[in-house]
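Pasting a structure below so you can have a look.
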Protein chains: 2
Amino acid sequence: MTIKGKPTSLDIAHRAGVSQPTVSRALRGHPSVNPETRDRILAIARELNYKVDKNASNLRRQQSGTLALLLFEDPTTDQSHINPFFLPMLGSITRACARHGQDLLISFQQLSDDWHADYGDSHKADGLILLGYGDYLAYQGKLRTLVEQGTQFVRWGAVLPDQPGISIGCDNANGGALVGEHLAGIGCRRIAFLGDASSRYPEFLDRYRGCEAALSAHGLAMDPRLQVDAESAEGSGHAAATELLRRGHPFDAVFAASDLIAIGAMQAFSAAGLRIPDDVAVVGFDDIPAARMTTPALTTVVQDTLTAGELLVDTLMHLVHGEPAESLRLPTTLVVRDSTAKARAG
Amino acid sequence: MTIKGKPTSLDIAHRAGVSQPTVSRALRGHPSVNPETRDRILAIARELNYKVDKNASNLRRQQSGTLALLLFEDPTTDQSHINPFFLPMLGSITRACARHGQDLLISFQQLSDDWHADYGDSHKADGLILLGYGDYLAYQGKLRTLVEQGTQFVRWGAVLPDQPGISIGCDNANGGALVGEHLAGIGCRRIAFLGDASSRYPEFLDRYRGCEAALSAHGLAMDPRLQVDAESAEGSGHAAATELLRRGHPFDAVFAASDLIAIGAMQAFSAAGLRIPDDVAVVGFDDIPAARMTTPALTTVVQDTLTAGELLVDTLMHLVHGEPAESLRLPTTLVVRDSTAKARAG
DNA sequence: CTGAAAGCGCTTACAG
DNA sequence: CTGAAAGCGCTTACAG
């Protein structure tokens, strides 16, 4: 009996009176092992609290049994301000990994870091899940490198034509359309957009265009003078709203590209003496927990983060196993709260 | 030249015209390697984009270079409602791990799961970080098992005498005292406590006792009839506040054991027609982002989650390296907002 | 300063 | 159904 250290398959083999490979087979449920032998081995393994050494197993099998989650932090915020939107997704990703028998490595990264060549090459992970906002143009090049290296990955974000790799995202255009419909329906006519609606932020751009399309069905249009760039952060939303006010063009509603932007904007509007929703209706995107807490509570677009997490992992596992997989858009829904509770005029 | 597959140290050795062990030494910066040889090897490694195979390295060195973070979910909430309090801590933990050259495995667990015997034994992680609330009495037994197994771990939570293992926590008693001081100072006399102030929730108990001690210095006392059990969740806070109102004993302030409890309670009070802070002052604990968003904004106790994350990792690394380490309490501060903005009467 | 040798604990053909 | 053998890619004494 080995006194010190973890038991190995050889320890079990000695006790069971079989060879070490037989122990390995029994433990992995190989069908060729005699049922009685197998039961004896399993009993001993349980008794010794034996666990297969992952490093040895992975080395031999040339795989890791591990996925890596890379969460990109907004480089503009110095503190660790991960968008709370990702928290439930994180939960469903970890659960999905457990279901697939995969371990999950996690790492917070700056988009500028040299993250793209690390996990795959060192055999630490079989596949990558990429989460987080950031300038897509900067992102894209690294995604291409990943594809060239043969690294398996899935990304949360906009589903775009000709994009490198596979991504899962919500149907941003439809989400934007829901917002446009709603705002037009309550009689809003001049709708401002707070968010960088360019190809640097394809998700925001899709939301913008979706809203635009819905408005045009009502004979309305987005006014470029009412669009102010913003990244997904409260401070950025506050600044954008302030800029919008400074411009002096009239508006009766604001579609913020994310809840964090909306929250910052609401603070700026309140400070400026504007009443929400009477002077300006406000809509966000994401339905983070704080959206319920604001005064008034924020109307916003809900993304199914729980399904999203599962889908990210399921899709990545397909890729890892060499099976076909494709990008996917998840449906969105609008949740109407008091920030757009105007008397219906349209 | 190997066409397919990742390059190995042997590939580099061939190209550099040295033996494979020399490559290994050069890569790890072993001082005995000739500087010119080393530079040549490093250049080739970079060129081939070589990364040490973690599985092989870990197997040989009998360690993993990995820490595991176990986040306990509240079993009472069916969804993935991780307390947002832990998000910034998660960020600082991942950064601290990166600084120590450790990978971080993450897993969301039920306290009831059989988590305690998995990571160490399978060599997946050298040490464990345990986060999350839960019934300490149930927890304690598993911690003891961990200690018996020789598993290295640190826990975020109350620092208790005779506890199994090491924990890092905030100074809950002092945090409670700050609340007691403040409430007494603004003239509150009957202070309710929402939270399970028992040895099942030692953090809450410490907060309760700290508040009690501060009050007694003002000739005041906590009234057991004004204490209602609650776990750290909005729904639980709402229910506790409702129960408090049902009891019918007068109170002029509520100390909620966490912000989530406070937020739920505020909703219940507002629904019941109570004005905050005029009819009842409310204080929380944690300073989650939503605490700023409530109306009125919530006075609460700030824990230094960023330092906490670093300390958890630093302490665990000491343990992993066989160095001495000890439990630690971090200072707390009170941030006063409008939920206690009464005209000063005391 | 460098190389030959051993071995970490598994898994997987290959025989029998 | 089972065992002997090889080998995954490293690191680390041990010689020289």
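What you are looking at is a predicted structure, and each value in this text was computed from that prediction instead of being measured. A note on names: the letters A, B, ... follow the listed sequences, proteins ahead of strands, and every chain is numbered from 1.
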Open item on the list: Going by side chain to side chain donor-acceptor pair (under 3.5 Å), B:K124 matches just one of A:N58, A:D103, A:N55. Which one?
Closed with: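 Looking at A:N58, A:D103, A:N55, the match for B:K124 under the side chain to side chain donor-acceptor pair (under 3.5 Å) is A:D103.
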- [ ] Would you mind telling me which of C:dC10, D:dT12, C:dC8 lies closest to the side-chain atoms of B:Q62?
- [x]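 Side chain of B:Q62 sits closest to C:dC8.
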TODO: Can you tell me the pairing partner of C:dA13 across any strand shown, Watson-Crick or G-U wobble, with both distances under 3.5 angstrom?
DONE: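 Matched C:dA13 with nothing under the 3.5 Å cut-off.
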Open item on the list: Check the phosphate of D:dG9 against B:Y50, side-chain N and O only, distance under 4.0 Å to OP1 or OP2. Yes or no?
Closed with: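 Answer no for this pair, as no side-chain N or O of B:Y50 is under 4.0 Å from OP1 or OP2.
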Open item on the list: Looking at C:dG3, I'd like to know if its phosphate oxygens (OP1 or OP2) sit under 4.0 Å from a side-chain N or O belonging to B:T22.
Closed with: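 Checking C:dG3 against B:T22, a side-chain N or O does come within under 4.0 Å of OP1 or OP2.
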Open item on the list: Just the rounded figure in Å: distance from C1' of C:dG9 to CD of B:Q63.
Closed with: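 Whole-Å distance recorded here is 16 Å.
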- [ ] Starting from the 5' end of DNA chain C, give me the residue, A:R61 or B:L59, whose nearest nucleotide shows up first.
- [x]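 So the residue in question is B:L59.
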TODO: Answer with base, sugar-phosphate or nothing: what part of the nucleic acid does B:S57 contact at a heavy-atom distance below 4.0 Å?
DONE: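 Sugar-phosphate: the residue B:S57, judged by heavy atoms under 4.0 Å, touches backbone atoms but no base.
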Open item on the list: In the structure I gave you, are the side-chain heavy atoms of A:L70 and A:F153 within less than 4.5 Å of one another anywhere?
Closed with: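 A side-chain contact is absent here, since even the closest heavy-atom pair is not under 4.5 Å.
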Open item on the list: Distance check needed: D:dT2 C1' versus A:H14 NE2, whole Å only.
Closed with: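 Spelled out: NE2 on A:H14 to C1' on D:dT2 is 16 Å.
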Task: A:E323, CD: over 12 other non-hydrogen atoms inside 6.0 angstrom - done: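 Yes.
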- [ ] Taking only the side-chain nitrogens and oxygens of A:S9, find out if one of them lies under 4.0 Å from OP1 or OP2 of C:dC10.
- [x]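 The answer is yes; a side-chain N or O of A:S9 sits under 4.0 Å from OP1 or OP2.
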TODO: Report the distance from atom CG of B:L27 to atom C1' of D:dC10, rounded to the nearest whole Å.
DONE: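 These atoms are roughly 11 Å apart.
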TODO: Mind listing the closest non-hydrogen atom pair of A:E203 and A:A158 along with its distance?
DONE: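 So the two residues come closest at CG-N, 3.6 Å.
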Task: G-U wobble or Watson-Crick pairing nucleotide for D:dA4 (cut-off 3.5 Å, both distances) - done: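 WC or wobble partner does not exist here.
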Task: Check against side-chain contact (heavy atoms from CB on, under 4.5 Å), B:M317 and B:L67 - done: CA-CA 9 Å; B:M317 288 312 292; B:L67 303 179; 4.0 Å; yes
Task: A:N58 CG - C:dC10 P separation (whole Å) - done: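 Result: 12 Å.
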Open item on the list: By the definition side-chain contact (heavy atoms from CB on, under 4.5 Å), identify the one residue from A:L311, A:V313, A:L316, A:T305 that meets it with A:I93.
Closed with: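 Of the listed options, the one satisfying the test is A:V313.
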Open item on the list: Expressed as a whole number of angstroms, how long is the span from A:L10:CG to C:dC10:P?
Closed with: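 From A:L10 CG to C:dC10 P: 9 Å.
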Task: Worked check of side-chain contact (heavy atoms from CB on, under 4.5 Å) between B:D126 and B:Q152 - done: CA-CA 7 Å; B:D126 299 327; B:Q152 304 299 349; over 6 Å; no
Open item on the list: Using the ring pair (Phe, Tyr, Trp, His ring centres under 6.0 Å) definition, which of the options A:F108, A:Y139, A:F86, A:Y136 pairs with A:F72?
Closed with: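 Only match with A:F72 under ring pair (Phe, Tyr, Trp, His ring centres under 6.0 Å): A:Y139.
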Task: Contacting residues from residues 30-43 of chain A, given that a heavy atom lies under 4.0 angstrom of DNA chain D - done: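 When residues 30-43 of chain A is checked for heavy atoms under 4.0 Å from DNA chain D, the hits, listed by number, are A:P31, A:S32, A:V33, A:N34, A:T37.
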Open item on the list: Taking 4.0 Å as the cut-off, does a side-chain nitrogen or oxygen of A:R28 come that near to OP1 or OP2 on C:dT12?
Closed with: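 Yes.
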Open item on the list: Within the 4.5 Å heavy-atom criterion, are A:L143 and A:V147 side-chain neighbours or not?
Closed with: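 No, their side chains stay 4.5 Å or more apart.
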Task: Whole-Å gap separating C1' (C:dC10) and CD (A:Q20) - done: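 Answer to the nearest Å: 6 Å.
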Nucleotide N/O of nucleotides 13-16 of chain C paired with protein N/O under 3.5 Å:
residue: C:dA13; atom: N6; partner: A:R25; partner atom: NH2; Å: 2.8

Task: Evaluation steps, side-chain contact (heavy atoms from CB on, under 4.5 Å), between A:T66 and A:K54 - done: CA-CA 10 Å; A:T66 303; A:K54 279 290 178 185; over 6 Å; no
